[in-house]
Amino acid sequence: MSLTTTSASQPAVSPGTEPATGERPLQLWFDGEITSSEALHAPLTTHAMHYGSGVFEGMRSYATRDGAAVFRLPEHLERMRKGAEVLGIRFDVQQAAAATLQVLRSNGHRDAYIRPLAWVGGGSFGLDIGAQPHHLMVASTATNVHLGGNRARLTVSKWRRNPATSLPPLKLCGAYVNSILAKREAKGRGFDEALFVDENGLVVECTGANVFFAKNGQLIAVDHRDALPGITRNTLIALTGARSRPATRAELLDADEVFVCGTAAEVSAIAALDQREYGDNPITRELAALYARVVRGEVPQYTHWLTAT
Ligand code: PMP
């Protein structure tokens, strides 16, 4: 079974137009065509809806002097390819890249969050997905989706992160139920975000972001085998030479500054970890400002990380 187009009479898409929220529904790319998001419906038997049999990415485009550009597009799509491979979903990196640029142009988006998703459509409730149909969509939204740049209050989650021995740290849809549980539990206790810590007291990551801390002027990128190998984390290590190593919850509590990072979160300072309140965060501020310049193509050394639309 596949997504079906329920309205054939959507207005034509004119490339390069400005977003017209309220006047024109968002356009998305679905299985080879740009379509109005409002015209598409997934059948209730969609396999991915029942079992999380899909893989996604979270990417961003930014307004640069030379127009909109996607930050580290090949790296995001390579991670998605790995997830698709492990699930056995067909995935064409070149097609996904072209679809991403096309959807941004169709929506007239410059600063945007981009969501590609490859999934099993199905129609069978069996767990063998070998013969089921596969789909690809790419959507973009001008809305901020994570942490929103505020200094978040973290709490150590009551839940453990999916162990990599059970679920590879890739962006497999079903794996995110673990993040949803942790986010829900943290919010229920009045915090903004959950920090996963393993049974040995080692920090893993947050629900949708990796963790860094600074102590005595040294910057540490927390490393854990159960954490997603974040592209923002990789970017920040390249920018600063931060040391990547495992770290304990106790070290985080003792740190001068803690921040989390991700495509959506960017570089986001942490205000508190449970009862521990952090003070001023000059290192985080400086790094957030540098990251903002890099993603907008303002640092010549790193413009190769941008793909123009
Ligand atoms: N960890 C998790 C669980 C995430 O979902 C994300 C967001 N993709 C990250 C870390 C940060 O990864 P990236 O910097 O590649 O967006």
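Order of appearance sets the numbers: ligands from 1, and atoms from 1 within every ligand. Bear in mind the structure is a predicted one, so any value in this text is a computation, not a measurement.
To the nearest 0.5 angstrom, His134 atom NE2 is 11.5 Å from Asp31 atom CG. Taking CZ of Arg153 as the start and CG of Asp192 as the end, the distance is 7.5 Å to the nearest 0.5 Å.
His47 pairs by the ring pair (Phe, Tyr, Trp, His ring centres under 6.0 Å) definition with Tyr51, not counting sequence neighbours. Here Tyr302 pairs with Trp305 under the ring pair (Phe, Tyr, Trp, His ring centres under 6.0 Å) rule; sequence neighbours left out.
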Would you give me the side-chain donor-acceptor pairs under 3.5 Å for residues 282-298, sequence neighbours excluded?
{"residue": "Thr284", "atom": "OG1", "partner": "Glu257", "partner atom": "OE1", "Å": "2.6"}
{"residue": "Arg285", "atom": "NH1", "partner": "Asp280", "partner atom": "OD1", "Å": "2.7"}
{"residue": "Arg296", "atom": "NH2", "partner": "Asp111", "partner atom": "OD1", "Å": "3.3"}

Pick out the protein N or O atoms lying less than 3.5 Å from any N or O of ligand 1, and list each pair with its distance.
{"residue": "ligand 1", "atom": "1 (N)", "partner": "Glu205", "partner atom": "OE1", "Å": "2.5"}
{"residue": "ligand 1", "atom": "5 (O)", "partner": "Lys171", "partner atom": "NZ", "Å": "3.1"}
{"residue": "ligand 1", "atom": "5 (O)", "partner": "Tyr176", "partner atom": "OH", "Å": "2.5"}
{"residue": "ligand 1", "atom": "8 (N)", "partner": "Lys171", "partner atom": "NZ", "Å": "2.6"}
{"residue": "ligand 1", "atom": "14 (O)", "partner": "Ile231", "partner atom": "N", "Å": "3.2"}
{"residue": "ligand 1", "atom": "14 (O)", "partner": "Thr232", "partner atom": "N", "Å": "2.8"}
{"residue": "ligand 1", "atom": "14 (O)", "partner": "Thr232", "partner atom": "OG1", "Å": "2.6"}
{"residue": "ligand 1", "atom": "15 (O)", "partner": "Arg79", "partner atom": "NH1", "Å": "2.8"}
{"residue": "ligand 1", "atom": "15 (O)", "partner": "Arg79", "partner atom": "NH2", "Å": "3.0"}
{"residue": "ligand 1", "atom": "15 (O)", "partner": "Ile231", "partner atom": "N", "Å": "2.7"}
{"residue": "ligand 1", "atom": "16 (O)", "partner": "Thr263", "partner atom": "N", "Å": "2.9"}
{"residue": "ligand 1", "atom": "16 (O)", "partner": "Thr263", "partner atom": "OG1", "Å": "2.6"}

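Tracing side-chain contacts under 4.5 Å through hydrophobic residues (I, L, V, M, F, W, Y), one never reaches Ile114 starting from Phe71; they form parts of separate clusters.
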